[in-house]
Protein chains: 2
Amino acid sequence: MLSAKAQYAIHALTYLGEQYQAGYIPINQIAEKRKIPAKFLEAILLELRKAGVLGSKAGKNGGYYLLRHPREIEMVQILRLMDGPIALLPCVSKKFYEPCRLCPYPENECNIRRIFLEVRDATLQVIEGKSLLDLMQKEDYPDDFVI
Amino acid sequence: MLSAKAQYAIHALTYLGEQYQAGYIPINQIAEKRKIPAKFLEAILLELRKAGVLGSKAGKNGGYYLLRHPREIEMVQILRLMDGPIALLPCVSKKFYEPCRLCPYPENECNIRRIFLEVRDATLQVIEGKSLLDLMQKEDYPDDFVI
DNA sequence: TATAATTCCTATATGTTTTATAGGAATTAT
DNA sequence: ATAATTCCTATAAAACATATAGGAATTATA
C-alpha cells in the first residue's frame, strides 16, 4: 500500500492541477479541500518543491504551483519520491536495488526473483508513461498552460 | 515493498517445498539455512499453520511441513496473510476495501482510483494463478506428494 | 521413566518508521 | 506596520515491524 504521505502528495498535486486558473495556492486551502493535516502537508510540499516538481512563493497571496505542465509530471517520479521502490523486493528494484541476503543460490536462477520481476514489470507497464494529468479530474487542461 | 515477515515466509515455504523428502523440518533448520531470526520465524510459521498452510508436529523429530501440494498453495494467499492488501490504495482493494476519505467527488469518477485499479489488476494478473511451486527452485516435485 | 528436542503460546522488548505538530524566521503584498 | 504566507529545523506521538524471552506441552527414544 502507498503511505499516507504518498496519497496526500497525489491528492495535493491533482488539486493544484485542477485549480490551475487560481495562481498561487496556499497550503491551508489544499489541506482543507482535500482533508490533509496542514503541517504534514507543508512538509510534503516542501519536499516536492525541493525535487523540482512544485514552485512556491512566500508572503501574502503566496502559495504553491506546478512547475511543469501536468502532462510532464511523471506519476512514477512522485511515487518513488514519496515511498521509494516500486518493486516488492529489493533484489528486483530498478532504482533501489539491493542483493538478496536470504538464499544461497544465485539471483539469476531464483524463481522468487523471476516472478517478482514479472510483478514489477507489470506495474511499471501501467504507471510508466502516466502523468499527473492522467490522475486529475480535468479533461480540459490547456495544452500549454504553466503558471 | 514486502515486509521482512512476508519475505521470510516465502523463503521458509520454498525451503519446505524444496526439502519435501525430509519429513518434518524443525524451525531452527529453516532459520539457519535461510538466515532468518529463529524466534521471528517461529511466530511466522505459527501463523501459517493457523491459516491452514502448514502442519506441525511437536516433540523430538518434530517440525513443520506443507499441508498441501505446493501447486495448491496460492502465492496470493501468502502475500495477503503476511502483508494485507495487494492494492496500493484502500479504495481499490478487493479484500481490504475502504472508501477514500480525501476527495469530494464520487469514487467511480475518480481518475486516481481508475489508474490504481489498473495497477492492481496488472499485479493480480501476474500473481493470481501462481503457486508455491512456481516460487521454488525444484522442477521435479512429485505430482502427488504430500507428507 | 528420564531426557532431549521440538512445537506452542503469550507476553514483552526494542527499534524504526510514519505521521503529525511546534514555533519562530524570512518573505511579500498592501 | 500588518497580515498572510512559505521556510526550516526540531521534536513529539503513535503506530508498526521486528525480534526475543521463557516456560508449558508434546513426542521419540534410550
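Lettering follows sequence order; numbering is per chain, from 1. We use all heavy atoms of the structure for the numbers below, so side chains are in, but hydrogens, waters and symmetry mates are not. Note that the coordinates shown come from a computational prediction; the quantities given were computed from them, not determined experimentally.
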task = Measure from the side-chain heavy atoms of S3(B) and tell me the nearest of dC9(C), dC8(D), dT18(D).
result = dT18(D)

message = Base, sugar-phosphate or nothing for I27(B)? Non-hydrogen atoms, less than 4.0 Å.
response = sugar-phosphate

query = If pairing requires Watson-Crick or G-U wobble contacts with both distances under 3.5 Å, which nucleotide is the partner of dA17(D)?
reply = dT14(C)

inquiry  = Please report the distance, rounded to the nearest Å, between CG in L45(A) and P in dA20(C).
reply    = 14 Å

Upstream residue (5' side of DNA chain C) when G62(B) and A6(A) are each assigned their closest nucleotide = G62(B)

query = When the distance from CG of L41(B) to C1' of dT6(C) is rounded to whole Å, what number comes out?
reply = 14 Å

ask   = For dT18(D), does either OP1 or OP2 sit under 4.0 Å from a side-chain N or O belonging to Y8(B)?
value = no

ask   = Is the shortest distance from a Lys or Arg side-chain nitrogen in D143(B) or R71(B) to a carboxylate oxygen in the other one below 4.0 Å?
value = yes

task = Go ahead and name the base partner of dT9(D); Watson-Crick or wobble counts if both distances stay under 3.5 Å, otherwise write none.
result = dA22(C)

ask   = Is the distance from OP1 or OP2 of dA29(C) to the nearest side-chain N or O of K57(A) less than 4.0 Å?
value = yes

ask   = Roughly how many Å is it from CE in M1(A) to C1' in dC16(D), rounded to a whole number?
value = 14 Å

key: Gap between atoms CG and P, on L46(A) and dC7(D) respectively (whole Å)   = 6 Å

ask   = With a 4.0 Å cut-off, would you call K50(A) and E47(A) a salt bridge?
value = no

task = Nearest whole angstrom, please: distance from the P of dA5(C) to the CG of N28(B).
result = 11 Å

query = What nucleic acid atoms does Y24(A) come within less than 4.0 Å of, heavy atoms only: base, sugar-phosphate, or nothing?
reply = nothing

request  = For F40(B) and for K39(A), locate the closest nucleotide of DNA chain D by heavy-atom distance; then report the residue assigned to the nucleotide nearer the 5' terminus.
outcome  = K39(A)

ask   = Is S56(A) near enough to dC7(D) that one of its side-chain N or O atoms lies under 4.0 angstrom from OP1 or OP2?
value = yes

query = Looking at F145(A), Y20(A), Y141(A), which one forms a ring pair (Phe, Tyr, Trp, His ring centres under 6.0 Å) with H69(A)?
reply = Y141(A)

ask   = Do L117(A) and I127(A) belong to the same hydrophobic cluster, where Ile, Leu, Val, Met, Phe, Trp and Tyr are linked whenever their side-chain heavy atoms lie under 4.5 Å apart, directly or via other members?
value = no

query = Quick one: which of dT19(C), dT27(C), dA28(D) gets closest to the side chain of K60(B)?
reply = dA28(D)

note = Heavy-atom nearest nucleotide on DNA chain D taken for N61(A) and for A4(B); more 5' hit belongs to N61(A)

request  = Could you state the atom-to-atom distance from CD of E47(A) to P of dT6(D) in whole Å?
outcome  = 17 Å

query = Salt-bridged, E18(A) to K33(A), with N to O below 4.0 Å?
reply = no

query = Just how far, in rounded Å, is C1' of dT17(C) from NZ of K5(B)?
reply = 17 Å

task = Determine, using the 4.5 Å side-chain heavy-atom cutoff (strictly less than), whether M1(B) and I112(A) are members of one ILVMFWY cluster.
result = no

task = Check the distance between dT20(D)'s C1' and E42(B)'s CD and give it to me in whole angstrom.
result = 10 Å

ask   = Using purine N1 to pyrimidine N3 plus N6-O4 or O6-N4 for Watson-Crick, or N1-O2 and O6-N3 for G-U wobble, each under 3.5 Å, what pairs with dT29(D)?
value = dA2(C)

task = Please check the phosphate of dC7(D) (OP1 and OP2 only) for any side-chain N or O of Y64(A) closer than 4.0 Å.
result = yes

query = Where the side chain of P37(B) is defined as all heavy atoms beyond and including C-beta, which of dA4(D), dA19(D), dG23(C) is the nearest nucleotide?
reply = dA19(D)

dT28(C) pairs with, by Watson-Crick or G-U criteria that keep both distances under 3.5 Å = dA3(D)

